[in-house]
Student: 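Dropping a structure here in structure tokens format, bear with me for questions.
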Amino acid sequence: GVWRQTRALLFKNCLIKCRTKKSSVQEVLFPLFFLFWLILMSMMHPHRKYDEVDNINLGTLDTSMLVDFVIGYTPPTHMAREIMKKVAFDNFEDGLITEEYLSEEELQEASALKTSKFVGVVFKDAMSYQLRFPDSVVMSSIYTESR
């Protein structure tokens, strides 16, 4: 019955493995090679654990560096306008300059023509967005190392 069929199948598979030694060795060594490669890559780029930051009062925001700061956004939907109004007027006394653009291409052209104090916001839907910075904006080294 079942035991005889199982034994015959195992014997057949052993014969196939013995006759095709090259592919059998590859089946064993390739996963080990890739495992070694992954371990090596993880050792070259170790995960950094940053210490906890104490909960302290950071004081008031220095708005002097936000003078002539322009935030462009697209698409000009009702939700995007409401969000940008909150960003510009609820958080800052003088308000930031916000400009709406019909398309992402217009936003990129404006970014190239404006000063370095321009940030673009592209709303993907009501709950997600992407930021577009000009090339002259310096990123913190903390964030660029993890990229």
Student: Taking Lys17 for its side chain and Cys14 for its backbone only, find out whether a donor-acceptor pair lies under 3.5 Å.
Tutor: no

Student: What is the minimum heavy-atom distance between Tyr101 and Pro76, and which atoms define it?
Tutor: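 Looks like O-CD, 3.2 Å.
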
Student: What are the two closest non-hydrogen atoms of Ala80 and Pro75, and how far apart are they?
Tutor: CB-O, 3.5 Å

Student: Return yes if some donor-acceptor pair links the side-chain N/O of Ser24 with the main-chain N/O of Thr20 below 3.5 Å, else return no.
Tutor: yes

Student: Looking only at non-hydrogen atoms, find the nearest pair between Pro31 and Glu27 and report the distance.
Tutor: CD-O, 3.2 Å

Student: Establish whether Met43 and Leu38 are linked, either directly or via other cluster members, by ILVMFWY side-chain heavy-atom contacts under 4.5 Å.
Tutor: no

Student: So, taking the atom named OG1 in Thr77 and the one named CD in Glu82, what distance separates them when rounded to the nearest 0.5 Å?
Tutor: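 It comes to 10.0 Å.
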
Student: Compare every heavy atom of Tyr73 with every heavy atom of Thr98, then report the nearest pair and how far apart it is.
Tutor: CB-CE2, 4.2 Å

Student: Kindly give the heavy-atom pair with the smallest separation between Ser42 and Ile39, and that separation in Å.
Tutor: OG-O, 2.8 Å

Student: Any side-chain donor-acceptor pair under 3.5 Å between Gln130 and Arg132?
Tutor: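 Yes, side-chain donor-acceptor contact under 3.5 Å.
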
Student: Mark yes when over 12 heavy atoms from residues, nucleotides or ligands other than Lys12 sit less than 6.0 Å from its NZ; otherwise mark no.
Tutor: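 No - once you tally the heavy atoms of other residues, nucleotides and ligands closer than 6.0 Å, there are 12 at most.
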
Student: Using the six-membered ring wherever Trp is involved, compare the ring planes of Phe33 and Trp37 and label them parallel, tilted or perpendicular (cut-offs 30° and 60°).
Tutor: parallel

Student: Can you list the steps and then say if Phe34 with Leu29 is a side-chain contact (heavy atoms from CB on, under 4.5 Å)?
Tutor: CA-CA 9 Å; Phe34 289 124; Leu29 291 183; over 6 Å; no

Student: Pick from Met79, Lys85, Lys86: which one makes a side-chain contact (heavy atoms from CB on, under 4.5 Å) with Ile83?
Tutor: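 For Ile83, the side-chain contact (heavy atoms from CB on, under 4.5 Å) test succeeds with only one of Met79, Lys85, Lys86, which is Met79.
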
Student: I need the Thr74 OG1 to Glu106 CD distance, nearest 0.5 Å.
Tutor: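 Nearest 0.5 Å value for the OG1-CD distance: 7.5 Å.
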
Student: Tell me whether Ile16 shares a hydrophobic cluster with Val28, the cluster being built from Ile, Leu, Val, Met, Phe, Trp, Tyr side chains joined at under 4.5 Å.
Tutor: no

Student: For the CG atom of Leu40 and the CZ atom of Phe36, what is their distance to the nearest 0.5 Å?
Tutor: 5.0 Å

Student: Rounded to the nearest 0.5 Å, what's the gap from CH2 on Trp3 to OG1 on Thr6? Could you check?
Tutor: 7.0 Å

Student: If two hydrophobic side chains count as joined below 4.5 Å and joins carry through other members, does Leu131 share a cluster with Met84?
Tutor: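 Cluster IDs for Leu131 and Met84 match.
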
